[in-house]
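Here's the structure, in structure tokens; my notes come after.
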Amino acid sequence: MSATSPVSNAAVLSEFEPTQRGPSNLSPYETRVPEAMNNYNLPNDPVLIAEKVQRLGEQFPTFANKSADDLEDLLRFEDLFQAHIDGLEQVQLMRTLEYELREENERLAEVNLSSEDELRRMRDNVAELQMFASSMTSRLYELVQEHLDLQKPYSPMLLLQRLKDEVKALDEQAETVASGFMKKDDVIESSECEDFVKMYKQLRLRFHSSESRCRLADAAYRSGSLSGVPMSLDR
């Protein structure tokens, strides 16, 4: 307040009387002038006033170097208050960050929109490749199972059983030949006797050879030296 123009106390009080203000829509980060104070609520204790002024300077350093008249002008004129708030370093930094964030968001949005077609095409390609890989996997399982089916007749267990059957068949064949020769009632010529001995000897040699191989194979199979072929494929 100027000292050259005397103003009554009623006029001073009327400037700081609360005013009725309707609701207003404020844009983001926009400040407004606080409601006018009633000076009859101000403390009268000089010590308390000094303490509040010190606290004002500590918590709001931008107001520390302003006089009482400057503070009254800030409360009285909204454009002046707005200009002061806009000039604060924190507000300018906040608005700068807001602008940079908005620009970066717009840039990322443009990048995403420009890549939309390519991403859709890549997603379709991935789906096709997954279907192809699934079909190839199924075919692989089929081929492996066919391979195992082909190996089954040649598994050590089946080969050993086949060798046992062969040994048994040779033994029975030799016994049949000997039994038939012994049951002949006619006179046996020397040539027939020689043929019998030769045949029986060959049959017994084959029998003993096969039996030896069968015993060795059976011992190896029982000891685990011969690994079997799996009967089916575990998927």
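We find the CD-CG distance between Glu110 and Asn105 to be 11.5 Å, quoted to the nearest 0.5 Å. With values rounded to the nearest 0.5 angstrom, Met94 atom CE is found 9.5 Å from Leu88 atom CG. Separating the CG atom in Leu170 from the CD atom in Gln202 is a distance of 11.5 Å, to the nearest 0.5 Å. Ser135 OG to Leu140 CG: the interatomic distance, rounded to the nearest 0.5 Å, is 11.5 Å.
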- Run the salt bridge (charged side-chain N to carboxylate O under 4.0 Å, His left out) check on Arg162 and Asp165 step by step: do they pass? CA-CA 5 Å; Arg162 191 180 301 173; Asp165 295 339; over 6 Å; no

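Leu159 and Leu148 fall into different hydrophobic clusters, where Ile, Leu, Val, Met, Phe, Trp and Tyr are joined by side-chain heavy atoms under 4.5 Å apart, directly or via other members.
Proximity of Glu142 to Arg139: side-chain heavy atoms (C-beta onward) are separated by under 4.5 Å at one or more points. Side-chain contact between Lys164 and Asp218: present, with at least one pair of heavy atoms (C-beta onward) separated by less than 4.5 Å. No side-chain heavy atom of His84 sits under 4.5 Å from any side-chain heavy atom of Phe81.
Checked by atom type and distance alone, the side chain of Ser209 never pairs as donor or acceptor with a backbone atom of Leu205 at under 3.5 Å. The backbone N or O of Val111 sits less than 3.5 Å from a side-chain atom of Ser115, completing a donor-acceptor pair.
Closest approach of Ala217 and Leu160 over heavy atoms only: CB-CD1, 3.8 Å. Annotation for Ser223 and Ala220: closest pair OG-O, 2.9 Å, computed over non-hydrogen atoms. Closest non-hydrogen pair, Leu203 versus Ala174, comes out as CD1-CA, 3.8 Å. In this structure, Asp171 and Phe207 approach most closely via the heavy-atom pair CB-CE1, 3.3 Å.
Arg215 meets the salt bridge (Lys or Arg N to Asp or Glu O under 4.0 Å) test with Glu211; sequence neighbours excluded. With sequence neighbours excluded, no residue satisfies side-chain contact (heavy atoms from CB on, under 4.5 Å) with Gln92. For the ring pair (Phe, Tyr, Trp, His ring centres under 6.0 Å) test, residues two or more places apart in sequence or in another chain that qualify with Phe196 are Phe181, Tyr200.
Between Lys152 and Asp149, at least one side-chain N (NZ, or NE/NH1/NH2) sits under 4.0 Å from a carboxylate O, which counts as a salt bridge. With respect to the salt-bridge test (charged N to carboxylate O, under 4.0 angstrom), the residues Arg107 and Glu104 qualify. The pair Arg76-Asp73 counts as a salt bridge, with a side-chain nitrogen and a carboxylate oxygen less than 4.0 angstrom apart.
The residue from Met199, Met182, Glu172, Arg204 that alone fulfils the side-chain contact (heavy atoms from CB on, under 4.5 Å) condition with Val177 is Met199.
For Arg206, the CZ atom counts as loosely surrounded, since its 6.0 Å shell holds 12 or fewer non-hydrogen atoms of other residues, nucleotides or ligands. Counting heavy atoms of neighbouring residues, nucleotides and ligands inside a 6.0 Å radius, atom CD of Glu89 does not exceed 12 of them. In the displayed structure, His208 atom NE2 is contacted under 6.0 Å by more than 12 heavy atoms of other residues, nucleotides or ligands. Within a 6.0 Å radius of CZ in Arg102, other residues, nucleotides and ligands contribute more than 12 heavy atoms.
Using a 4.5 Å cut-off between side-chain heavy atoms of Ile, Leu, Val, Met, Phe, Trp and Tyr, Phe132 falls into a hydrophobic cluster with Met136. If you chain together ILVMFWY residues whose side-chain heavy atoms come under 4.5 Å of each other, Leu97 ends up grouped with Leu93.
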Pair up each side-chain donor or acceptor in residues 120-131 with any protein partner under 3.5 Å, not counting sequence neighbours, and list the distances.
from: Arg120; atom 1: NH1; to: Asp117; atom 2: OD1; distance (Å): 3.2
from: Arg120; atom 1: NH2; to: Glu116; atom 2: OE2; distance (Å): 3.2
from: Asn125; atom 1: ND2; to: Arg121; atom 2: O; distance (Å): 3.3

